[in-house]
Enquirer: 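Here it is: the structure, laid out below.
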Amino acid sequence: MNLSRIESPVFREKVITAEQAASYIKDGMTVSVPHFICYDSPVSTARALLGRRNTGEKIEVKLISAASCTPVIDEDWTNAGMIKSFMPYTQAHSSVRKSANTAEGGLNFMDYRLSLIPEYIRSGYLGDIDVALVSVAGITEDGKLKPSVCAGYTQTVLNCAKKVILEINLQSSEGMYRLHDVYEPDARPGRKPIPITKATDVIGSHFYTCDPDKVLGVVITDEPLFLSPMWYPLTADAAPPEVKQIAKNFVNFLQIEVAEGRMSEKLPPIQTGGGMVAGTVLREMGKHFKGMEMYTEAVLEDAMDMVREGSIDFISTAGFGCAGDTTDHILKHPEEYEGKLMVRPVEISNNPEVIRRLGLITMNNIVEADIYGNINSSHVNGTSVISGIGGALDFAQNAGLPCYFTLSTAKKGALSCIVPSCSHIDITEHEPCIIVTEYGVADLRNKSPKQRVAEMVRIAHPDYRPMLQEYYDRALESCGPDKAHTPVLLEELGAWHIRARDNGSMLQKD
C-alpha cells in the first residue's frame, strides 16, 4: 500500500480499507460530506457503503453536503434509497432532483443558503454529525491535514463531527494545500470581525486540523477525479448571439457606471454563478476592464483561463466549478498560482460581512423575474425544484451591485422569462439592482414598484411586451387609486404558468 501521502506515524497506524471504513456507518446516522463540488468526494468509502446496501442491509442516512458530491453518493445512494434527507444544495445530479420532487418516498431536501450551514452545525441546530467523510490530499508529520481541491465546510465538520473517516486519493494534487486559506470564525457572541478588507487577504492556514482520537481510519484510494458534466467548460465562442448580446449589454452598463463616477475603473471584486452566460459575460468584461479580481464561491474554466492569460489578476473561491486544460495545469502545478488563486471555506467566500465590506458585483442566472423585480432562481412552475438557493441569497442581500442574467424567453419562445408574477420567489424585489436580457438592462435602483414595471417590460421579448403592459394596466385599474403600490390581479397570479402548462406556451391564442 502506498503510504507516501501520510507522514504522520499516528495516522499511518490508522490506515484501513474502504470496506472497513464503511462498516462504521449505521442506519439512521447523520453523515457529512463537507466538500464543495465533487472533485473531493470520498468515492471509495461511498462505494463500499453502497455495496452493503446492495446486499440488502438497510442503510438510510441524513446527508449534509456543501454542493455536488460524486455520482456514487448523489445518484447511486439516492437511487438505492440510502438518503433520508439532504441539504443544502442540489443541481448537478438528476436523481437528487427527482427524489426531492417525489411526493411520497423521496428524500427530504432542505434548502438553506450556504453561509448558514456552518453556523447551524456549530450551534447544534442540525443535530449531531455522527460521521464525517473527508477527503484530503495528504497528512503532514505533525498530523496536519492537507486540503485537496475544494474547501466547503471541511474544518467546521472536522471540529464538530463525533467521528471522522479520512480518504486520500492519490490522483489528487498533494500540493494544492498551498492555495488554501483555512479559517474558522470565533465563537458567538463576541465574534471578532473577519479580517478581510480586500479579496487578496490571507487570514488563515494552509492546513486542516483534526483530533486524531476521533479519526476512525484513513482510506487510501487511486480513483480518477470526477467532475459533473454541468461544470464542463462551455466557451464564450460557442455562445449563441443572444447570450453574447447579454454580455455586451452588461459591459455597456458597467462602462456607463464608470464614466458617471459610480464605480472605479478597476471594478470591485466579482462573484459569478455557473454556466455559459457567466463565462461569456466574464470574457466580454475582460476585453474592456483590466486588473479584475474575483471573490466568489465557485469558479469557471473561463475565469481560470483568464487568470492564466493575465486578464484576471486574482480569484478567491470555495471550489473549482470547472474542468479543462487550465484546471488540469493548476492541479499539476499549484505552486505557479500562489498569489493568483485562493481557496477559502464556503462560510468565508459567502460571508455576508465580507461580501458587504468588499462591495461585490455579483452576477447570477435566474429562471424568471416578474415585472416588479422578484426573482425565481430554483423552481419550475413553482413546485419542482431544479437547484437549491446555494449562495444566491448571501450575495443578493449583501453585494454592492447584485445583477441577474436571463434570456428573455425559454423553450423556443414558448415561455417568457419576464412574467407578471413569479411562480416561486427566492429573491424578493428588495434585493436585485440590475436584471439583464438580450434586449437590455433593467436598472431597478432608486425606483418604486410601479416605476420598475417600465424597466422590466422594456427588457422582455417583443412578443410578450404588450401582454405584460396590458396585465399591468388592468391590475392598476382593478386595484383602484388608493391600493396601487404594487398592483396585482389576485385571480391571475398563476395565469401565465397555467397557460404554459395547459397549452405549451405563455402566448395568448388569437
Side-chain angles (χ1 to χ4, degrees), residues 30 32-37 40 64-67 87-89 110 112-129 132 134 136 144-148 150-162 164 177 179-211 214 269 271 293-299 314-319 341-360 362 388-400:
T30 296
S32 179
V33 182
H35 311 287
F36 192 71
I37 310 175
D40 286 313
I64 302 176
S65 180
M87 68 177 72
Y89 180 78
M110 290 166 281
Y112 296 116
R113 66 175 79 179
L114 292 176
S115 69
L116 286 179
I117 299 300
E119 294 283 21
Y120 285 178
I121 290 172
R122 284 190 292 263
S123 300
Y125 295 168
L126 306 182
D128 292 335
I129 296 175
V134 177
V136 294
K144 293 177 181 176
L145 310 181
K146 294 182 179 180
S148 181
C150 303
Y153 317 132
T154 303
Q155 186 59 65
T156 300
V157 168
L158 288 169
N159 291 345
C160 297
K162 290 181 178 178
V164 173
Y177 73 91
L179 304 183
H180 279 258
D181 186 35
V182 179
Y183 178 88
E184 277 283 282
D186 296 331
R188 300 187 301 184
R191 174 177 295 166
K192 296 177 182 176
I194 295 171
I196 294 176
T197 59
K198 55 185 183 298
T200 55
D201 282 339
V202 180
I203 62 174
S205 165
H206 289 319
F207 303 99
Y208 301 132
T209 58
C210 182
D211 179 357
K214 68 165 62 176
Q271 177 269 336
E293 296 177 347
M294 297 187 71
Y295 191 91
T296 188
E297 64 185 6
V299 60
F314 179 82
I315 297 176
S316 169
T317 181
L341 178 64
M342 185 183 298
V343 183
R344 302 187 193 270
V346 172
E347 184 174 19
I348 304 303
S349 70
N350 289 45
N351 192 277
E353 170 196 336
V354 178
I355 293 168
R356 180 69 61 88
R357 185 181 297 136
L358 296 182
L360 303 186
T362 63
I389 190 65
L393 205 54
D394 294 324
F395 294 104
Q397 294 181 332
N398 299 285

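Values in this document were obtained by computation on a predicted structure and should not be read as measured data.
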Enquirer: Can you list everything that forms a side-chain hydrogen bond (donor to acceptor under 3.5 Å, both in side chains) with T197? Sequence neighbours excluded, please.
Expert: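 For T197, the residues satisfying side-chain hydrogen bond (donor to acceptor under 3.5 Å, both in side chains) (neighbours in sequence not counted) are D201.
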
Enquirer: Quick one: list whatever passes side-chain hydrogen bond (donor to acceptor under 3.5 Å, both in side chains) with K214, sequence neighbours left out.
Expert: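 For K214 there are no side-chain hydrogen bond (donor to acceptor under 3.5 Å, both in side chains) partners, ignoring immediate neighbours.
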
Enquirer: Looking at every non-hydrogen atom in both residues, tell me the closest pair between E184 and T156 and how far apart they are.
Expert: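 E184 and T156 have their closest heavy atoms at OE2-OG1, 2.7 Å.
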
Enquirer: Under the rule for side chain to side chain contact (heavy atoms under 4.5 Å, CB included), what residues qualify as partners of Q397, not counting sequence neighbours?
Expert: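 With sequence neighbours excluded, Q397 shows a side chain to side chain contact (heavy atoms under 4.5 Å, CB included) to R113, L393, E431, given in chain and number order.
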
Enquirer: Not counting sequence neighbours, which residues clear side-chain hydrogen bond (donor to acceptor under 3.5 Å, both in side chains) with S316? List them please.
Expert: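 If we apply the side-chain hydrogen bond (donor to acceptor under 3.5 Å, both in side chains) test to S316, skipping adjacent residues, the hits are R344.
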
Enquirer: Do you know which two heavy atoms are closest between A199 and L358, and how far apart they sit?
Expert: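 It is N-CD2, 4.2 Å.
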
Enquirer: Check whether any side-chain heavy atom of L158 sits under 4.5 Å from a side-chain heavy atom of L145, and report yes or no.
Expert: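 Yes, side chains in contact.
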
Enquirer: Taking C-beta and beyond as the side chain, do P269 and F314 meet within less than 4.5 Å on heavy atoms?
Expert: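 When only atoms from C-beta onward are counted, F314 and P269 do not touch, as no gap falls below 4.5 Å.
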
Enquirer: Mind checking what makes side chain to side chain contact (heavy atoms under 4.5 Å, CB included) contact with Y125, not counting sequence neighbours?
Expert: Y120, S123

Enquirer: Within the structure provided, determine whether T317 and M294 are in side-chain contact (heavy-atom separation under 4.5 Å).
Expert: no

Enquirer: Test of understanding: with side chain to side chain contact (heavy atoms under 4.5 Å, CB included), list the residues that count as partners of S349, not counting sequence neighbours.
Expert: E297, A318, V346

Enquirer: Could you walk me through whether K198 and E293 pass salt bridge (charged side-chain N to carboxylate O under 4.0 Å, His left out), step by step?
Expert: CA-CA 10 Å; K198 55 185 183 298; E293 296 177 347; over 6 Å; no

Enquirer: Determine whether T296 and F395 satisfy the following criterion, side chain to side chain contact (heavy atoms under 4.5 Å, CB included), listing intermediate values before the conclusion.
Expert: CA-CA 9 Å; T296 188; F395 294 104; 5.6 Å; no

Enquirer: Is any side-chain heavy atom of D181 closer than 4.5 Å to one of I203?
Expert: yes

Enquirer: Taking Y295 as the fixed residue, which of L360, T200, T362 is the one that meets the side chain to side chain contact (heavy atoms under 4.5 Å, CB included) rule?
Expert: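 That would be L360.
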
Enquirer: Is it true that N159 and Q155 share a donor-acceptor pair across their side chains at a distance under 3.5 Å?
Expert: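 Checked: Q155/N159 side chains pair up, N/O donor to acceptor below 3.5 Å.
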
Enquirer: Over all heavy atoms of both residues, which pair between Y183 and P195 is shortest? Give the atoms and the distance, please.
Expert: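 Scanning both residues, the minimum pair turns out to be OH-CD, 3.5 Å.
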
Enquirer: Less than 4.5 Å apart, any side-chain heavy atom of L126 and any of I117?
Expert: yes

Enquirer: Please list, chain by chain and in numerical order, all residues satisfying salt bridge (Lys or Arg N to Asp or Glu O under 4.0 Å) with E353, sequence neighbours excluded.
Expert: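 Counting only residues at least two positions away or on another chain, E353 forms a salt bridge (Lys or Arg N to Asp or Glu O under 4.0 Å) with R357.
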
Enquirer: Got a sec, which residues hit side chain to side chain contact (heavy atoms under 4.5 Å, CB included) with P147, two or more places apart in sequence or on another chain?
Expert: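 With sequence neighbours excluded, P147 shows a side chain to side chain contact (heavy atoms under 4.5 Å, CB included) to Y177, H180, V182, Y208, given in chain and number order.
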
Enquirer: Once side-chain hydrogen bond (donor to acceptor under 3.5 Å, both in side chains) is applied, do any residues pair with S115, and if so which ones, sequence neighbours excluded?
Expert: D394

